[in-house]
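Fair warning: this is a prediction, and the values are worked out from it, not measured in the lab.
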Amino acid sequence: MTVRASLAALALLFTAPAHADTLVDNVNGITLDKDGKLVRFTGLVIDREGKVKQLLDRKDKRPERPDFKQDGGGRTLIPGMIDAHGHVMGMGFSLMLLDLSETKSLAEAQAAIRKYAAANPEMPWIIGSGWNQEKWGLGRFPTSADLDAAVPDRPVWLERVDGHAGWANSAAIAAAKVTTASKVPEGGRIEMEGGKPSGVFVDSAMALVDNAKPKPLARDLDRALFLAQQKLLEQGVTSIADMGTTIADWQAYRRAGDKKQLAIRILSYGADIDNMTIIAGQEPTPWLYDDRLRMVGVKLYLDGALGSRGAWLKAPYSDAPGQKGLPLLTPAQLRNKMVRASMDKFQVAIHAIGDAANAEALAAIGDLTADLPGERRWRIEHAQILDPTDIPRFAQLKVIASMQPIHQPSDRLMAEARLGPDRLRGAYAWRSLENAGVRLAFGSDVPVESSNPFPGIAAAISRTDAAGQPFGGWHPEEAVTRETALDGFTRTAAFAAFAEDRLGTLMPGMRADFLIVDADPLLASPDEIRRMTPRETWIGGYRYYKRKE
C-alpha cells in the first residue's frame with residue numbers, strides 16, 4: 001500500500017461512525033486507577049464518545065445488544081502506552097533517511113553511507129543519524145576524512161544517535177563555510193585536529209552546518225509524520241510527549257488533524273520560547289482533534305549528552321580529565337525563560353543529564369517556585385546522572401523525573417567510562433527517586449532509542465539488556481516494580497503532561513486507549529516482556545492496528 005493510500009485508509013478509519021456501545025469481553029484486563037491502585041477486569045464497555053463506560057468483572061451483567069462486540073480470547077488488555085519523552089518528527093525522518101543506529105563499526109557505517117549515496121544519486125546532501133562511536137569501539141570521534149572515504153563528492157551531515165553532535169564531511173564543512181576562524185557558538189564545541197575542524201560539531205555548534213543543509217518540504221514532514229504514527233501504532237504507543245516541537249512540526253500535525261489523519265495523541269512541548277509563542281500564543285492550546293493534539297509547555301536545553309561529553313558534570317569526565325561538559329544556558333537565561341513560560345501557564349520541561357545540570361535545574365526551580373502561582377509540575381527530562389545529595393530536592397520541589405529506562409542498558413559501559421565507579425550511585429537512579437517520593441514518568445527519547453515501550457519496561461524492572469546482561473542487573477538496587485514501570489508508561493506519563501483527566505488509565509470516563517497483548521506484564525519475565533508486541537492497538541474506542549498472524 002502506498003503512503004497516500006495508507007493515509008486515506010487512516011482518514012476513513014478516523015471518521016468511522018460512532019458505536020452506541022462497544023464491548024470488548026473475555027479479557028485479562030489490567031489498569032491502574034487514579035491513585036495508582038491496580039484494578040483487574042474481564043470486560044470493557046466503550047461509549048459513543050470513545051470513552052470507557054464501564055469495567056466489568058466476571059459476575060457483572062454484559063450489555064444485551066452492543067453495537068459491536070469483540071471476544072478477547074482471554075488475552076491481556078492493558079492501557080495504551082504513553083511515551084513521556086520522544087521526538088515525533090525526528091522519529092519519522094529517521095525512518096526516511098540514512099540510519100546508522102545498527103552499525104557496529106566505522107567500516108560498517110562507511111559501507112552503509114556509500115550504499116545509501118549510490119542508491120540516492122539525486123540527493124544534493126546525504127543526511128542521516130544514528131552513529132555512535134562508543135558502539136563502534138572507535139576510541140575517538142569520527143572525522144571528516146572518515147566520511148570523505150565514503151562520499152567525497154557531496155555534502156554529508158549525520159547526527160549522532162543522541163542528537164547532540166553532528167558529523168560532517170569536507171564538502172559539508174565547505175558548504176557551511178566553516179573554517180579555523182569560525183566562532184564557536186556559546187554552549188557548543190568544534191572538535192579540532194591539526195588545528196582544523198575535525199568534522200564533529202557538538203551541541204550548539206551543530207547549527208553551523210545544520211543551517212546550511214536543504215530544508216525539508218511540507219510533503220517531507222507529512223510523510224515523516226505518517227511513518228512515525230505507523231511505527232508507534234505497531235509498538236503500542238497511543239500517546240507521546242513531543243519534546244521540542246517547531247512551528248514546521250506543528251503545521252504538519254495540524255495538516256494531519258485537518259485531514260482526519262492524526263491517530264496518535266501528541267502532547268507538545270515547544271522547542272524553546274520562540275516556537276512556544278509562535279504556536280500557542282499567550283497560553284497552552286486547547287485540546288484539538290478529539291484530544292489528539294495539545295501544546296502544553298516548552299522544552300529547554302540546559303546541557304548536552306553523555307556520549308558526546310556535552311552533559312554538564314560537577315567534576316571532570318573520568319575519560320577526558322580536562323572536560324566537564326557544556327552548560328547551554330546561563331543561570332539568568334534559564335530563569336528568564338522559565339519565568340516567561342510559567343507566567344503564561346506553560347509547563348516547563350528542562351533537559352538535564354549531568355549532575356551539575358540537574359543541580360542547576362533544581363536550584364532554578366527552588367528560586368522560582370515560591371513566586372509563581374498555581375501548580376507548575378516542573379519536569380526534568382532525563383535526570384540521568386545525579387549527585388545523591390540532590391535526590392531529595394526532586395521530592396521537596398515536586399519535580400517530575402521524566403526518564404527513559406532503556407538508556408540504562410544502552411549507556412551502561414559508556415557511563416562507567418565517562419564517570420568512573422564513584423559517580424555511578426546516582427546514575428539512572430529510578431528506585432532512589434521513587435523512594436524519595438518522586439513521580440517517575442517513563443519514555444524512550446525516540447529516535448535516540450526505539451520507541452518500543454516493552455524493552456523499556458523490561459529494563460526498568462531488571463536493569464539488564466536484551467542479552468540479559470549483566471547477570472543480576474546493573475546496580476539492581478535501582479530497579480523498580482512492575483507496577484511502577486507500568487505506571488511510568490501510563491498514569492504518571494499522563495499526569496506529567498496535565499492529561500490525567502482523560503488519559504493514562506482505563507477507569508470510566510477516560511479515553512478508551514488500550515492494547516491487547518499475549519502476556520500479562522505483571523507476571524511475565526523481563527525477557528518475555530522485552531519481546532512483547534501488541535496484537536491490537538485501540539485509540540478512542542477504535543482499533544487502529546491489528547498484527548498480522
Side-chain angles (χ1 to χ4, degrees), residues 2-4 6-7 10 83 85-103 109 112-113 115-117 119-120 122-132 147 151 154-169 172 201 203 206-207 209-235 237 240-256 261-264 266 268-272 275 279 293 299 301 305 404 443-452:
T2 66
V3 171
R4 187 181 298 274
S6 298
L7 287 169
L10 192 63
D83 191 320
H85 182 117
H87 306 276
V88 175
M89 298 307 286
M91 176 186 182
F93 277 109
S94 74
L95 296 168
M96 288 171 58
L97 302 175
L98 175 60
D99 180 11
L100 298 176
S101 61
E102 298 301 317
T103 58
I113 296 163
K115 180 179 179 181
Y116 184 88
N120 296 277
E122 77 289 352
M123 288 187 172
W125 281 54
I126 301 300
I127 298 171
S129 62
W131 61 271
N132 185 349
L147 263 186
V151 181
R154 272 182 286 172
V156 181
W157 177 238
L158 307 168
E159 285 194 9
R160 194 181 184 280
V161 63
D162 54 22
H164 286 272
W167 178 23
N169 69 351
F201 299 76
D203 286 314
M206 294 170 64
V209 181
D210 211 42
N211 291 337
K213 74 180 184 185
K215 299 293 186 287
L217 302 174
R219 64 172 177 265
D220 300 322
L221 292 160
D222 292 346
R223 181 165 184 257
L225 176 57
F226 167 73
L227 293 173
Q229 289 196 86
Q230 189 176 52
K231 180 62 72 173
L232 291 167
L233 288 168
E234 291 172 5
Q235 295 176 333
V237 177
I240 183 168
D242 186 42
M243 285 292 165
T245 306
T246 67
I247 182 61
D249 299 340
W250 183 262
Q251 289 169 336
Y253 304 155
R254 292 299 303 262
R255 285 194 296 273
Q261 293 169 357
L262 192 59
I264 301 296
I266 299 176
S268 172
Y269 291 76
D272 219 305
N275 281 289
I279 292 167
L293 180 65
K299 165 82 175 296
Y301 279 98
Q404 300 75 47
S444 68
D445 202 15
V446 65
V448 176
E449 303 279 358
S450 166
S451 52
N452 187 344

Quick check for you: to the nearest 0.5 Å, what is the distance between [X] atom [atom1] and [Y] atom [atom2]?
X    : Y    : atom1 : atom2 : value
L221 : T246 : CG    : OG1   : 7.5 Å
L225 : Q251 : CG    : CD    : 13.0 Å
L232 : L227 : CG    : CG    : 11.0 Å
D220 : M89  : CG    : CE    : 9.0 Å

Between the side chain of [X] and the main-chain N/O of [Y], is any donor-acceptor distance below 3.5 Å?
X    : Y    : value
N169 : R154 : yes
W157 : K213 : no
Q235 : N452 : yes
D83  : G443 : no
H87  : M243 : yes
W131 : V161 : no

inquiry  = Going by ring-ring contact (aromatic ring centres under 6.0 Å, His included), name the residues that satisfy it together with Y301, two or more places apart in sequence or in a different chain.
reply    = H164, H351
Residues in side chain to side chain contact (heavy atoms under 4.5 Å, CB included) contact with L97, at least two apart in sequence or another chain = F93, Y116, I127
So do [Y] and [X] actually touch side chain to side chain, heavy atoms under 4.5 Å?
X    : Y    : answer
K299 : D272 : no
V156 : L98  : no
P447 : S129 : no

message = Checking side-chain contact (heavy atoms from CB on, under 4.5 Å) between I266 and each of T245, L293, D249, which is the one that passes?
response = L293
